[in-house]
Amino acid sequence: MKILTRIFGEIEISENQKIFIEEGLFGLEDVQEYVLLNSSEDSPFYWLQALDIPDIAFLLVDPTLVVKDYKLSVVEGDLDSINLKDNDDYLLFSIVNLNNDPAKTTANLLGPLVINKENHKAKQVISTNEKYSVRQLLHSEKEEEC
């Protein structure tokens, strides 16, 4: 199947790349069908592209690449709608907020996106861990010192 994207132009995708977000993302509740795209083979970033709206695309990153000890922590039952049980396999992403100054680029660790790898259903949740931020810097001077 071919789709039009803002980042890559027209591309061929497989059914495996489709993601269904029944409740939509926060602020885009009406957009429910997306595809997950690799930025490039050697990049830690992915794109979440709206299936039918080329102008809607989000840069994603694994939150453990931003905060090494990041743990998904949600209200019990919050992932029931995507049929995710404790031992199920899932992908976890944070939405990246790009900035003209790369040193000020952030990731939303408070509202991660959880994707059930089995059924490709996803949900953006709110972390119950209050130490996480919606604007966690991707690049930290503390990390450079290590």
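The structure presented is a predicted model; accordingly, all values stated were derived computationally and were not measured. Note that the numbering runs from 1 along the sequence shown for the chain.
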Partners meeting salt bridge (Lys or Arg N to Asp or Glu O under 4.0 Å) with [X] (sequence neighbours left out):
X	value
Asp62	none
Asp69	Lys131
Lys71	none
Glu76	none

So do [Y] and [X] actually touch side chain to side chain, heavy atoms under 4.5 Å?
X	Y	result
Val61	Val66	yes
Leu72	Pro112	yes
Leu137	Thr105	no
Leu59	Phe45	yes
Leu92	Thr64	no
Val74	Leu79	yes

Of all the heavy-atom pairs spanning [X] and [Y], show the shortest one and how long it is.
X	Y	value
Leu110	Asn129	CD1-O, 3.9 Å
Leu60	Ile95	CD2-CG1, 3.7 Å
Asp78	Ile126	OD2-N, 4.4 Å
Val35	Leu51	CG1-CD1, 3.6 Å
Gln49	Pro54	NE2-O, 3.2 Å

Among residues at least two apart in sequence or on other chains, which ones pass side chain to side chain donor-acceptor pair (under 3.5 Å) with [X]?
X	answer
Asn83	Lys121
Thr106	Asn97
Asp52	none

Taking distance alone, no hydrogens or angles, what donor-acceptor pairs closer than 3.5 Å link side-chain atoms of residues 6-14 to residues at least two apart or in another chain?
| unit_1 | atom_1 | unit_2 | atom_2 | d |
| --- | --- | --- | --- | --- |
| Arg6 | NH2 | Ala57 | O | 3.2 |
| Glu12 | OE2 | Met1 | N | 2.6 |
| Ser14 | OG | Asn16 | N | 3.4 |

Distance-only criterion, 3.5 Å: show the donor-acceptor pairs between side-chain atoms of residues 18-31 and protein atoms not counting sequence neighbours.
| unit_1 | atom_1 | unit_2 | atom_2 | d |
| --- | --- | --- | --- | --- |
| Lys18 | NZ | Glu15 | OE2 | 3.2 |
| Glu29 | OE2 | Gly27 | N | 3.0 |

Subject >> All ring pair (Phe, Tyr, Trp, His ring centres under 6.0 Å) counterparts of Phe93, not counting sequence neighbours >> reply: Tyr46
**OP:** Name all residues meeting the ring pair (Phe, Tyr, Trp, His ring centres under 6.0 Å) criterion together with Phe58; count only those two or more places apart in sequence or in a different chain, and write none if there are none.
**Re:** none
Subject >> Gap between atom OH of Tyr132 and atom CG of Leu109 - 0.5 Å precision >> reply: 7.5 Å
Original post:
Looking only at atom types and distance, does a side-chain atom of Gln124 sit under 3.5 Å from a main-chain N or O of Gly111, one as donor and one as acceptor?
Top reply: yes
**OP:** Consider only side-chain N and O atoms of Ser73 and Thr128, and report whether a donor and an acceptor are under 3.5 Å apart.
**Re:** yes
Original post:
According to a 4.5 Å side-chain heavy-atom criterion applied to Ile, Leu, Val, Met, Phe, Trp and Tyr, with indirect links allowed, do Tyr70 and Leu91 form part of one hydrophobic cluster?
Top reply: no
Original post:
With sequence neighbours left out, which residue pairs that include part of residues 105-126 fulfil the ring-ring contact (aromatic ring centres under 6.0 Å, His included) condition?
Top reply: none
